[in-house]
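As a basis for the values below, the full set of heavy atoms in this structure was taken, side chains included, without hydrogen atoms, waters or symmetry mates. Keep in mind it's a predicted model, so treat the numbers as computed, not measured.
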Amino acid sequence: NIQSFSLENVLKMDPEFLNTDGEHQHDLSVSSFSVRFDGELNHQQLRMWLSELMDETAKDLFRYKGVLAVKGMAKKFIFQGVH
């Protein structure tokens, strides 16, 4: 409930934001994946996973983002980066 994205505001700035009919080309060497966890994440296991992810694939990560609920933490964390 952090209200970090507002489609209404985006459409005010860029009315064509949802238009998918224009020219758009994907680089076939780029792919994506997602991970979804139910419940809250264990802080230590999360740190270990993120460390391993960065050690093994950092050069291949272009963009990453997420909202993380960590056990024992009152607030959610925003996980975001661009390489």
Side-chain angles (χ1 to χ4, degrees):
N1 206 11
I2 59 175
Q3 301 175 356
S4 62
F5 178 80
S6 167
L7 181 58
E8 183 179 328
N9 289 339
V10 170
L11 291 173
K12 285 179 187 175
M13 293 184 296
D14 182 4
E16 295 297 312
F17 181 75
L18 296 175
N19 181 2
T20 59
D21 295 331
E23 285 188 34
H24 187 81
Q25 184 175 356
H26 289 273
D27 182 334
L28 296 179
S29 69
V30 177
S31 63
S32 65
F33 75 96
S34 65
V35 179
R36 182 179 182 138
F37 301 96
D38 291 326
E40 297 177 322
L41 300 169
N42 175 284
H43 182 256
Q44 186 60 28
Q45 289 178 335
L46 174 62
R47 286 174 49 115
M48 290 170 35
W49 180 74
L50 289 174
S51 179
E52 185 176 320
L53 180 68
M54 292 297 145
D55 287 346
E56 294 181 9
T57 62
K59 66 178 177 48
D60 297 322
L61 297 175
F62 297 115
R63 293 184 180 158
Y64 38 94
K65 61 184 175 179
V67 178
L68 308 175
V70 179
K71 187 175 182 178
M73 303 289 183
K75 295 184 177 182
K76 292 189 166 95
F77 290 87
I78 303 296
F79 172 65
Q80 180 176 346
V82 177
H83 182 240

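Residues satisfying the side chain to side chain contact (heavy atoms under 4.5 Å, CB included) test with E8, not counting sequence neighbours, are S6, K12.
In this structure the side chain of M54 reaches within 4.5 angstrom of the side chain of L61, judged on heavy atoms.
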Apply the test side chain to side chain contact (heavy atoms under 4.5 Å, CB included) to residues N42 and K71: give CA-CA distance (whole Å), side-chain angles for both, the deciding distance (0.1 Å), then the verdict. CA-CA 6 Å; N42 175 284; K71 187 175 182 178; 5.7 Å; no

Evaluation steps, side chain to side chain contact (heavy atoms under 4.5 Å, CB included), between V10 and L18: CA-CA 10 Å; V10 170; L18 296 175; over 6 Å; no

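Linking ILVMFWY side-chain heavy atoms closer than 4.5 Å, directly or via other members, places M48 and F79 in two distinct hydrophobic clusters. By the criterion of side-chain heavy atoms lying less than 4.5 angstrom apart, applied directly or through intervening Ile, Leu, Val, Met, Phe, Trp or Tyr residues, L28 is not grouped with F33; the two fall into different hydrophobic clusters. Linking Ile, Leu, Val, Met, Phe, Trp and Tyr whenever their side-chain heavy atoms come within less than 4.5 Å puts V35 and Y64 in one cluster.
Note that the CD atom of Q45 and the CG atom of L50 stand 12.0 Å from one another [nearest 0.5 Å]. Note that the OG atom of S32 and the CZ atom of F62 stand 12.0 Å from one another [nearest 0.5 Å]. Taking CD of E40 as the reference point, atom CG of L46 lies at 12.0 Å (rounded to 0.5 Å).
Between F37 and W49, the ring-plane angle classifies as perpendicular under the 30° and 60° cut-offs.
A distance-only check finds no donor-acceptor pair linking the side chain of S51 to the backbone of R47 [under 3.5 Å].
Closest heavy-atom contact between F77 and M73: CE1-CG, 3.7 Å. Here the shortest heavy-atom pairing between R63 and V82 reads CG-CG2, 4.2 Å. When all heavy atoms of A69 and K76 are compared, the pair lying nearest together is CB-CE, 4.0 Å.
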